[in-house]
Asker: 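If you scroll down you'll find the structure; I have some questions about it.
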Amino acid sequence: MKFDSGSLAATEQFLNRNYTTMQIGNVSEGPIRSHITREVMGTVSLDQLDLGFDMHYDADPLGKICLCGVESGSIEENYLDEGADVFQPGEMGILTPPQLPYSGVIRSARYTITMFEPEELTRAVSVNDPGTAPVRLIGHRPVTAAAGRRLSTTIAHMRQLAATYDGEVPTLVAATATQYLAAAVLEAFPNSADIDTATGDRTDAHPDAVRRAIAYMESHVGEDISAADIAAAAYVTVRALQLAFRRHLDTTPTAYLRRLRLRGAHEELTASTPESGVTVGTVAASWGFGHQGRFAALYRRHYGRSPGDTLYA
């Protein structure tokens, strides 16, 4: 399948037919250029997209695992539970959890989108553990850059293989390749399955580690700390801490830290007055929120009002 267009409306119609219901806009207001090709291997779609403009998108849930690999340009994705993240050339990530809506901006990017059914993750694990619980991904970035590169190589191989067939890929070939892809995704991304106990990274941490992590975050909330810093303070690996936060708090360490910082910003806005020279922008920046619009949207979701309304109350 191939799609070429210089029309924003035609591009939106194509994306609605082949992905999910979404609204798009041209942020740059320059000319539109969209080029999309798709290879299919069973239930896996392997897309190559080249958008020659800055496209804003606001989309309904996909219902699928959606892998995104950036080759040029950049993609800014808004995650409901963790805030915004930006994918640069050479980076691989999960564009959106299957069950959640998603939005962001694609900035004149050439990139790949690979989609498959979430159930394939559980199927890959159940080969060796038939009684396994449903498997889900618990992070949107690979555990290491090397893991991301290995997954990119897997996807490129699948795309090249699918392109060699004139018609549909034979069922057995497609099924085997899909299992190969699912296994590569599980190796690359934090997930709820304990599929590599030899390393210890996928083993859940004790709740004491969660308490140590929270204490560290609360005492360093205003500093530039990373997931690795938090895990080190809790005496566990980053992977184990991610699993523990998901299991015991149904969130991630970075999302928890973002909520602590949002609470700090709220308290500062509540205690301040416009006459003191405080602005929403300065408060947002001081608490690590670089994009004022996204800060305002996150603030409104948590507190039911705009940060400006709190400051001027």
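What you see is a predicted model, and the numbers here were worked out from it, not measured in a lab.
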Asker: So do the side chains of I113 and L67 get within less than 4.5 Å of each other, counting heavy atoms only?
Answerer: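 No, their side chains stay 4.5 Å or more apart.
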
Asker: For the CD atom of E267 and the OG1 atom of T270, what is their distance to the nearest 0.5 Å?
Answerer: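 Rounded to the nearest 0.5 Å, the CD-OG1 separation comes out at 7.5 Å.
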
Asker: For the residue pair H140 and D85, establish whether any side-chain heavy-atom pair is separated by less than 4.5 Å.
Answerer: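 Yes; the side chains approach each other to less than 4.5 Å.
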
Asker: So how far is it from Q48 CD to E39 CD, rounded to the nearest 0.5 Å?
Answerer: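 Here the interatomic distance stands at 10.5 Å.
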
Asker: If every non-hydrogen atom of L186 is compared with every non-hydrogen atom of A124, which pair is closest and at what distance?
Answerer: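 For L186 and A124, the tightest heavy-atom pair comes out as CD1-CB, 4.2 Å.
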
Asker: Do N16 side-chain atoms and M22 backbone N/O form a donor-acceptor pair below 3.5 Å?
Answerer: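 A pair under 3.5 Å: yes.
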
Asker: To the nearest 0.5 Å, what is the distance between OG on S226 and CG on L257?
Answerer: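 The OG atom of S226 sits 10.0 Å away from the CG atom of L257.
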
Asker: Would you say Y180 and L137 are hydrophobically clustered, going by side-chain heavy atoms of ILVMFWY under 4.5 Å?
Answerer: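 Shared cluster, no.
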
Asker: How close do R212 and A234 get, counting heavy atoms only, and between which atoms?
Answerer: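 R212 and A234 have their closest heavy atoms at NH2-O, 3.0 Å.
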
Asker: Could you work out the complete set of other residues in the hydrophobic cluster of V27, with links drawn between I, L, V, M, F, W and Y side chains under 4.5 Å apart?
Answerer: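 Direct or chained contacts put V27 with V105.
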
Asker: Please tell me whether V278 and F289 are part of a single hydrophobic cluster in this structure, the criterion being side-chain heavy atoms less than 4.5 Å apart.
Answerer: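 Same cluster.
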
Asker: May I ask you to check whether H266 and Y303 place their ring centres under 6.0 Å from each other?
Answerer: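 Distance test on ring centres: under 6.0 Å, yes.
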
Asker: V169 and A174: which non-hydrogen atoms are nearest, and at how many Å?
Answerer: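 Heavy atoms only, the tightest pair is CG1-N, 3.9 Å.
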
Asker: Which pairs, with at least one residue in residues 158-176 and sequence neighbours excluded, count as a side chain to side chain donor-acceptor pair (under 3.5 Å)?
Answerer: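 Matches after skipping sequence neighbours: T37-R159.
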
Asker: Taking side chain as C-beta onward, heavy atoms only, is M55 less than 4.5 Å from R107?
Answerer: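 No, their side chains stay 4.5 Å or more apart.
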
Asker: Should the ring pair F245 and Y256 be called parallel, tilted or perpendicular, given that the plane angle runs from 0 to 90° and is split at 30 and 60?
Answerer: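 Geometry flag for Y256 against F245: perpendicular rings.
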
Asker: Does a donor on one side chain sit under 3.5 Å from an acceptor on the other, for D54 and S108?
Answerer: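 Yes, because at least one side-chain N or O of D54 sits under 3.5 Å from a partner of the opposite role on S108.
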
Asker: Could you go through H35 and F3, starting from their C-alpha distance and side-chain angles, then the distance that decides it, and tell me whether this counts as side-chain contact (heavy atoms from CB on, under 4.5 Å)?
Answerer: CA-CA 6 Å; H35 176 70; F3 173 80; over 6 Å; no

Asker: With side chains defined as the heavy atoms from C-beta onward, is the minimum distance between L100 and P61 less than 4.5 Å?
Answerer: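 No - every pair of side-chain heavy atoms lies 4.5 Å or more apart.
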
Asker: Following the transitive rule for hydrophobic clusters with a side-chain heavy-atom cut-off under 4.5 Å over Ile, Leu, Val, Met, Phe, Trp and Tyr, establish whether I225 and I214 coincide in one cluster.
Answerer: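 Yes; tracing contacts between hydrophobic side chains, which count when under 4.5 Å, links both residues.
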
Asker: Shared ILVMFWY cluster between L95 and V86, side chains joined below 4.5 angstrom?
Answerer: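 L95 does not cluster with V86.
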
Asker: Is there a side-chain contact between M92 and F189 (heavy atoms, below 4.5 Å)?
Answerer: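 Result yes, sub-4.5 Å side-chain heavy-atom pair found.
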
Asker: Would you mind telling me which of T114, L161, L181 makes a side chain to side chain contact (heavy atoms under 4.5 Å, CB included) with M41?
Answerer: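 The side chain to side chain contact (heavy atoms under 4.5 Å, CB included) with M41 is passed solely by L161 among T114, L161, L181.
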
Asker: Where do S152 and I155 land on the side-chain contact (heavy atoms from CB on, under 4.5 Å) test, with the steps shown first?
Answerer: CA-CA 5 Å; S152 295; I155 291 171; 5.8 Å; no

Asker: Compute the ring centroids of F295 and H291, then answer whether they are less than 6.0 Å apart.
Answerer: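 When the ring centroids of F295 and H291 are compared, they turn out to be at least 6.0 Å apart.
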
Asker: Does any non-hydrogen side-chain atom of Y111 lie less than 4.5 Å from one of D47?
Answerer: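 No; the side chains remain at least 4.5 Å from each other.
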
Asker: Does the side-chain contact (heavy atoms from CB on, under 4.5 Å) test come out yes or no for Y57 and E77, once each step is laid out?
Answerer: CA-CA 10 Å; Y57 57 93; E77 175 68 13; 2.4 Å; yes

Asker: Give every residue pair that meets the salt bridge (charged side-chain N to carboxylate O under 4.0 Å, His left out) criterion with at least one member in residues 4-19, sequence neighbours excluded.
Answerer: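 Not a single pair qualifies under salt bridge (charged side-chain N to carboxylate O under 4.0 Å, His left out).
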
Asker: With distance as the sole test, does N26 use its side chain to make a donor-acceptor pair with the main-chain N or O of G30 at under 3.5 Å?
Answerer: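 The answer is yes, because a donor-acceptor pair under 3.5 Å joins these two groups.
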
Asker: Please list all pairs meeting salt bridge (charged side-chain N to carboxylate O under 4.0 Å, His left out) that have one or both residues in residues 288-300, counting only residues at least two apart or in different chains.
Answerer: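 Matches after skipping sequence neighbours: E76-R294.
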
Asker: Apply side-chain contact (heavy atoms from CB on, under 4.5 Å) to the pair I94 and C68, showing each step before the final yes or no.
Answerer: CA-CA 6 Å; I94 302 294; C68 176; over 6 Å; no

Asker: For V221, is there any backbone N or O sitting under 3.5 Å from a side-chain donor or acceptor partner on R261?
Answerer: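 Checking the backbone N and O of V221 against the side chain of R261, a donor-acceptor pair under 3.5 Å is found.
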
Asker: Are the charged groups of D50 and R110 less than 4.0 angstrom apart, N to O?
Answerer: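 Looking at R110 together with D50, the answer is no, because their closest N to O distance does not fall below 4.0 Å.
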
Asker: So how far is it from R246 CZ to T251 OG1, rounded to the nearest 0.5 Å?
Answerer: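 These two atoms lie 6.0 Å from each other.
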
Asker: For the residue pair A265 and V283, what are the closest heavy atoms and their distance?
Answerer: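 Between these two residues, the closest heavy atoms are O-CG1, 3.7 Å.
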
Asker: Do S286 and E268 have side chains that approach each other closer than 4.5 Å (heavy atoms only, starting at C-beta)?
Answerer: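 Heavy-atom side-chain distance check passes, below 4.5 Å.
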
Asker: Quick check: closest heavy atoms across A209 and L241, and the distance to 0.1 Å?
Answerer: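 Minimum heavy-atom contact is O-CD1, 4.2 Å.
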
Asker: Pairs in or reaching into residues 275-292: which pass salt bridge (charged side-chain N to carboxylate O under 4.0 Å, His left out), with residues at least two apart or in two chains?
Answerer: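 Found none.
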
Asker: By the definition side chain to side chain contact (heavy atoms under 4.5 Å, CB included), identify the one residue from N191, I138, T237, T252 that meets it with L243.
Answerer: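 Between L243 and the candidates, side chain to side chain contact (heavy atoms under 4.5 Å, CB included) is satisfied uniquely by I138.
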
Asker: Are L51 and I32 linked, directly or through intermediate hydrophobic residues, by side-chain heavy-atom contacts shorter than 4.5 Å (ILVMFWY only)?
Answerer: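 Yes, it is one cluster - the side chains of I32 and L51 are joined through contacts under 4.5 Å.
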
Asker: Yes or no on side-chain hydrogen bond (donor to acceptor under 3.5 Å, both in side chains) for Y299 and T310, after CA distance, side-chain angles and deciding distance?
Answerer: CA-CA 10 Å; Y299 187 95; T310 299; 2.7 Å; yes

Asker: Considering only residues two or more places apart or on different chains, which pairs with a residue in residues 95-106 satisfy side chain to side chain donor-acceptor pair (under 3.5 Å)?
Answerer: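 Output for this query lists N78-S103.
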
Asker: Do the side chain of H220 and the main chain of Y216 share a donor and acceptor less than 3.5 angstrom apart?
Answerer: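 Yes, because the side chain of H220 sits within donor-acceptor range (under 3.5 Å) of the backbone of Y216.
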
Asker: About how many Å separate CG of L15 and CD1 of I24, when rounded to the nearest 0.5 Å?
Answerer: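 I24 atom CD1 to L15 atom CG measures 5.5 Å (nearest 0.5 Å).
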
Asker: Salt bridge check, R141 against E91: does any charged N sit closer than 4.0 Å to a carboxylate O?
Answerer: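 Counted as a salt bridge, because a side-chain N and a carboxylate O are separated by less than 4.0 Å.
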
Asker: So which atom in G93 and which in F87 form the shortest heavy-atom distance, rounded to 0.1 Å?
Answerer: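 So the two residues come closest at CA-CE2, 3.6 Å.
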
Asker: Return yes if some donor-acceptor pair links the side-chain N/O of S276 with the main-chain N/O of T273 below 3.5 Å, else return no.
Answerer: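 It does hold such a pair.
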
Asker: I need the F14 CZ to Y19 OH distance, nearest 0.5 Å.
Answerer: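 Interatomic distance, F14 CZ to Y19 OH, rounded to 0.5 Å: 6.0 Å.
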
Asker: Between L46 and R38, is any pair of side-chain heavy atoms under 4.5 Å apart?
Answerer: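 Side chain of L46 against side chain of R38, heavy atoms only: no contact under 4.5 Å found.
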
